[in-house]
Amino acid sequence: MDKLLAKHQSLTHTENVRVASHTQRQDGEWVRHTLMLEGVDMPFVFKRTKPYQSLKGARVNLTYYPVTETVAGMEFEQMKVVRIKRA
């Protein structure tokens with residue numbers, strides 16, 4: 001993990017945070033996951049090829065970076081998850 005953080009300055013690593021909500025929806029061939037963490041107003045998103053077990057209420061370790069997504073001409077900030085693991 002330290003090598004990854006040293007190589008990419010925009011990455012942030014957070015440990016032992018509780019997931020307030022976890023939604024999954026089909027996005028083409030991928031399943032798009034959106035997490036909301038307790039005390040954070042920013043969505044955390046990642047994609048997988050298969051559905052994932054519900055993470056609601058679980059504690060997780062995340063590695064992520066900020067991105068901006070444009071939907072219907074409006075820009076939304078969110079966090080793109082690179083690595084997620086149950087704590």
Side-chain angles (χ1 to χ4, degrees):
M1 182 53 53
D2 293 332
K3 288 181 186 178
L4 190 62
L5 292 173
K7 186 175 179 181
H8 302 283
Q9 297 297 321
S10 62
L11 283 178
T12 305
H13 181 72
T14 305
E15 292 191 1
N16 205 26
V17 292
R18 187 175 299 276
V19 177
S21 73
H22 177 205
T23 60
Q24 306 178 56
R25 69 173 188 263
Q26 202 66 34
D27 187 12
E29 295 181 9
W30 295 88
V31 178
R32 181 183 170 110
H33 300 264
T34 304
L35 302 175
M36 293 299 291
L37 305 178
E38 287 183 354
V40 181
D41 293 333
M42 190 87 49
F44 290 75
V45 297
F46 63 97
K47 291 183 180 180
R48 290 176 48 104
T49 55
K50 298 178 182 177
Y52 199 74
Q53 62 188 348
S54 178
L55 293 172
K56 186 175 181 177
R59 292 204 175 267
V60 295
N61 299 337
L62 296 168
T63 305
Y64 57 91
Y65 61 92
V67 295
T68 303
E69 184 175 302
T70 303
V71 177
M74 296 176 60
E75 291 186 353
F76 293 95
E77 270 193 63
Q78 57 190 10
M79 298 297 175
K80 178 77 172 178
V81 176
V82 176
R83 181 176 175 267
I84 183 168
K85 185 175 180 182
R86 280 185 172 250

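Along the sequence shown, residues carry numbers from 1.
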Self-check item: Pairwise distance OG1(Thr14) to CG(Asn61) - rounded to 0.5 angstrom
Solution: 9.0 Å
Quiz prompt | Connected via hydrophobic side-chain network under 4.5 Å: Val17 and Tyr64 | solution = yes
Quiz item: How long is the span from the CE atom in Met42 to the CE atom in Met36, to the nearest 0.5 Å?
Solution: 8.5 Å
Practice problem: To the nearest 0.5 Å, tell me how far Arg32 CZ sits from Lys47 NZ. | Solution: 6.5 Å
Quiz prompt | Side chain Arg48, main chain Val31, donor-acceptor under 3.5 Å | solution = no
Practice problem: Check the angle between the aromatic planes of His33 and Phe46 and answer parallel, tilted or perpendicular using the 30° and 60° thresholds. | Solution: parallel
Quiz item: Should the heavy atoms of other residues, nucleotides or ligands under 6.0 Å from CG of Asp41 be counted, would the total exceed 12?
Solution: no
Quiz prompt | Side-chain touch Leu37/Leu62, heavy atoms, less than 4.5 angstrom | solution = yes
Quiz item: To the nearest 0.5 Å, how far apart are CH2 in Trp30 and NZ in Lys50?
Solution: 12.0 Å
Quiz item: Any side-chain heavy-atom pair from Arg86 and Leu55 closer than 4.5 angstrom?
Solution: yes
Practice problem: To the nearest 0.5 Å, tell me how far Leu35 CG sits from Ile84 CD1. | Solution: 5.0 Å
Quiz item: For Glu77, does the CD atom sit with more than 12 other heavy atoms under 6.0 Å from it, leaving out its own atoms?
Solution: no
Quiz item: If you measure from NZ on Lys85 to OG1 on Thr63, what distance do you get to the nearest 0.5 Å?
Solution: 10.5 Å
Quiz item: Do Tyr52 and Val45 share a hydrophobic cluster (ILVMFWY, side-chain heavy atoms under 4.5 Å, transitive)?
Solution: no
Self-check item: Polar side-chain atom of Gln24 near backbone of Gln26 as donor-acceptor pair, under 3.5 Å
Solution: no
